[in-house]
Amino acid sequence: MKPRHLISIDDLKKNEIEVLLENAASYKEISTREVKKVPALRGKTVALCFIEPSTRTRASFEIAAKRLSADTLSFQSKGTSLEKGESIKDMAKTLQAMKIDALVLRHSSCGVHYQLTDYDFSVINAGDGMHEHPTQALLDLFTIKDKIGRLENLKVAIVGDILHSRVARSLIKVLKLFEAEITLVAPPTLLPPFLTGLDLKITNFLEEVVSEVDIVYLLRIQKERAALSYFPSEREYIRFYSFQLSHLKKLKKGSFLMHPGPINRGWELSSEVADSDVSLIEEQVENGVAVRMAVLSYFLAGEGGN
Amino acid sequence: MILLKDGFVVDGYGKEEKMDVLVNEDIIAEVAPLINLSEAGKVKVLDCEGKVILPGLIDFHVHFRDPSPKEVESIDQGIERAIYGGFTGCLMMPNTEPPIDTPEMVHFVREKAASIPGFDFQPAAAITQGREGERIVEMGLLKEAGVKVLTDDGNYVQSAWVMKMALRYASAFDLILMQHPEEKSLSADGQVNEGLISASLGLRELPKAAEEIAILRDLTLVQYYPARIHFTHISTAGAVQLLNKAKSSGLKVTADVTPHHLLLTEKELVRFDPNFKMKPPLRTEEDIKAVQSGLINEVIDLVATDHAPHALEDKETEFEKAAFGVAGLDTALSLIYQEFVFPRKLSWTDLVRAMSLKPASLLGYIRGIKPGFPASITIFDPEKEWVYRKEKSEWAYNSPFLGWRLKGKVFGVIANGRLLCWEEKLLG
Ligand SMILES: [Zn+2]
């Protein structure tokens, strides 16, 4: 059987996502047990290869794999053979020879995963450049369903650096599958131009949407990226796009705040807001493990067979 | 209350006729053929027989050297000169030292202008931080500080990527981006228009192409990234053509021209007088004809002076070392009257559109001699003949029009109800 890959949200059908979310709910329950382990992937090998630095996502995948009893093999960005100039193709051949079952790959190049789809292992995208981060979007969806209790008729505002965000790209796709009303909130310079015909609302001001949405999803400002030259200053960003206590007061009852982490306190949101009840940031991290368990088992244990 | 008696009123909206104008506090209360007041004691009656009453002029492009390490026309001195020249408001360029590129700097210069109440003073802020052409300014915070126009004037925003960022970002805040169109990699250290004059004088050239390439690039950018853009001090026939084409295609673009680019050619430069040195440089006969018809046909929206006072030592020096820029606040109205309205190339209403209503609308002010409108009024004596000479020691007279015999002079100015100039003299 040819392995299936999760590179983009487009690789999943809506009913598959629903199954994944249901499975994730059971896996979440497992994580509350004293023995947090099931034999679902016993005998399988999952390679975790993070060419771009990441602590959270890598840890989340690793825990997920281990709780499923898979053997894991971890490459980090420093010192990988890729960094030493090995081609992606040669790395794939090596992994193939090692008979791995899945490659969880984070890479700074958009779409690099598509060059790895003809081997005997599943490719799971843990973030490729500015392209996609599908497991993040799935865990966000799971978190929304968990807290709000539905996925229908959602109004979601996605705030910040849309242009450079793989999280936003995956999230928009997955929310669209469930026909959410999405508003992008950003300065025009952090939005791709010509976003027409996509049925997305756009505004340049956070204050205009806070009182109307179920979820305010704050994107991380990548201070290490060129993003900084796309807007004038920290204080201007904070004035127009940072979620502050004043916004909190305007939020509808039963609405929540999300962020893919790690947060820059004082930038995307104030510290008080980050620690408030409406913040789902910790839940997102917790749910990340359960959702990735669901993804790995679905793609490796044949649950997601063709 | 002030009653302007028996003046010839140009209301700005098409009416030109003899009327009385009653000003109550900061508002025009009444405009009628004959206003008689019972409570005469409370009314200051000003005889305007033979004078023209215009909506208060606004200069869309002035430089005051404040803050600056040099002592050349501070903000209050500059505003006084503007009033003397018939202006009731102006847009100050941000190329001060340090430049106006933060809300703090905007508050700082506004504070200085507050010493002359009534005058509509607007500081423009830079497009890029430090006017360096790299990172855009805090447009949102500047907008909240009341800024309407951004410009790196003196510098063209050379990087197309940065200009795209600026256009995109400015569109969220409905700010006007004003470009000084000069493609620097082509104009380099040019001094005068490229042509026979630069050839015969041996001075380095400022090609027309540098201006037109700059305009064309930005017109291309705004087609893809819509925002409000204004081109200042247009000087070439080709530039007028580009604007004409852009406007016919429906692009939201505006432009201004200076009195000197309307009236003078590069031929003036044969004596190497630095008072004729400015950017863009004086062009050719063909160009001034084109900018003149551009103004008449409304391809060019407004007349702005680009008033640029310089210290004597920066002008009385070798031509190539001399600073670019000329003074213009105290001659603009007389020149446009004498050269356009008097010979009937423009009507009074046209002049008012180009020097009052259009700049006002871009800056969010209201102008017009109509009841309920702000009482900002310019009173002009069309009969007065005078010679432009150095008058005040605190003003810089680096003007190409020094010694010109001029017809018509500013007689009085009321700005937001305050009488700031009367009988050609500054008050207060
Ligand atoms: Zn300029």
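What you see is a predicted model, and the numbers here were worked out from it, not measured in a lab. A, B, ... follow the sequence lines: proteins, then strands. Residue 1 opens every chain.
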Name the region of [X], side chain, backbone, both or neither, that has any atom closer than 4.5 Å to a heavy atom of chain A.
{"X": "B:Glu144", "answer": "side chain"}
{"X": "B:Glu138", "answer": "both"}
{"X": "B:Tyr224", "answer": "both"}

Worksheet item: So, B:Arg135 side chain and A:Pro232 main chain: donor-acceptor pair closer than 3.5 Å or not?
Response: yes
Worksheet item: With respect to chain A, which residue among B:Pro103, B:Ala166, B:Gly140 yields the maximal number of heavy-atom pairs within a distance under 4.5 Å?
Response: B:Gly140
Got a sec: does the [atom1] of [X] have more than 12 other heavy atoms crowding it under 6.0 Å?
{"X": "B:Ile366", "atom1": "CD1", "answer": "no"}
{"X": "B:Lys184", "atom1": "NZ", "answer": "yes"}
{"X": "A:Glu282", "atom1": "CD", "answer": "no"}
{"X": "A:Glu179", "atom1": "CD", "answer": "no"}
{"X": "B:Lys245", "atom1": "NZ", "answer": "no"}
{"X": "A:Lys176", "atom1": "NZ", "answer": "yes"}
{"X": "B:Gln241", "atom1": "CD", "answer": "no"}

Worksheet item: Do you know which two heavy atoms are closest between A:Arg235 and B:Glu104, and how far apart they sit?
Response: NH1-OE2, 2.7 Å
Worksheet, complete the sentence: Between B:Tyr169 and A:Thr189 the two heavy atoms that sit nearest each other are CD1-OG1, 3.3 Å
Worksheet item: Atom OG1 in B:Thr102, atom CD in A:Glu236: separation rounded to 0.5 Å?
Response: 12.0 Å
Worksheet item: Measuring from B:Leu141:CG to A:Ser233:OG, what's the distance to the nearest 0.5 Å?
Response: 6.0 Å
Worksheet item: Side-chain contact, heavy-atom cut-off 4.5 Å: A:Pro187 with B:Phe173?
Response: no
Worksheet item: Is the closest side-chain heavy-atom distance between A:Leu191 and B:Arg168 below 4.5 Å?
Response: yes
Discussion item. Need one label for A:Tyr237: side chain, backbone, both or neither, based on atoms under 4.5 Å from any heavy atom in chain B.
Written reply: neither
